[in-house]
Amino acid sequence: VAMGYESGYALDDAGAVWVWGGNDRGQLGDGTKTESLTPKRIQLPNPVVKLAADYMHVVAVCADGSVWTWGAGESGQLGVGSITDSSSPVRVSSLTGAIMVAAGRAASYAVLRDDELDPYRGRALLTRTASCLTVYLLVWALYVWIPDDLKSEAIWWLNLIQEGTK
């Protein structure tokens, strides 16, 4: 379950996304800007495995590692090269191999598994500049859910970020 501003999102066992609530900026992803008083399913090409929402946009990771976003886009938080809203899910074509996502007020975050460079080294990608403190807190929060065999990589990120703040 994820919550946005006046909207809610749920992921079922089959990987379907259910949405309800306010829809001023298309944050329900149903192709409209009409609120929904009851949950309804939205369409994505593959089952969703991770979902994040904040304020008026949503970020999702499908089972194939693709990243999809929808809703408010005024700060580029949808990651598709524009600052317009989208009332339907759009693929962030520059990202593949995602394993986790997070959403902030005007930013989206993805951690990718980069199999070509190192299958255990995640790359944190930001759609816009964020403070080192924000990124540090994000990596720390993700550390809680990272499998034990990848925790050394989370510590690597924390150390890298800490070095950049000196």
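All of these numbers come straight from a predicted model, not from anything done at the bench.
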Should [X] and [Y] be counted in the same cluster of Ile, Leu, Val, Met, Phe, Trp and Tyr side chains packed under 4.5 Å apart?
X	Y	result
Tyr5	Tyr9	no
Leu95	Val90	yes
Leu11	Trp68	yes

Where is the tightest heavy-atom contact between [X] and [Y], given as atom of each residue plus distance?
X	Y	answer
Pro89	Gly29	CD-O, 3.3 Å
Ala102	Val59	O-CG2, 4.3 Å
Asp85	Leu78	C-CD1, 4.4 Å
Arg41	Ala16	NE-CB, 3.4 Å

Please output the side-chain donor-acceptor pairs of residues 43-57 that fall under 3.5 Å, not counting sequence neighbours, one pair per line with the distance.
residue, atom, partner, partner atom, Å
Asn46, ND2, Asp64, OD2, 2.9
His57, NE2, Ala107, O, 3.3
His57, NE2, Ser108, OG, 2.9

*CZ/Arg91 to OG1/Thr96 distance, rounded to the nearest 0.5 angstrom?*
7.5 Å
Under the side-chain hydrogen bond (donor to acceptor under 3.5 Å, both in side chains) test, residues paired with [X] that sit two or more places apart:
X	result
Lys40	Asp30
Thr84	Ser82
Ser36	none

*Can you name the residues that form a salt bridge (Lys or Arg N to Asp or Glu O under 4.0 Å) with Glu35, not counting sequence neighbours?*
none
*asked:* Taking Ala72's backbone N and O only, do any of them form a donor-acceptor pair with Gln27's side chain (distance below 3.5 Å, no angle check)?
replied: no
*Is any side-chain heavy atom of Ser86 less than 4.5 Å from a side-chain heavy atom of Thr69?*
no
*Which pairs count as ring-ring contact (aromatic ring centres under 6.0 Å, His included) when at least one residue sits in residues 19-42, sequence neighbours excluded?*
none
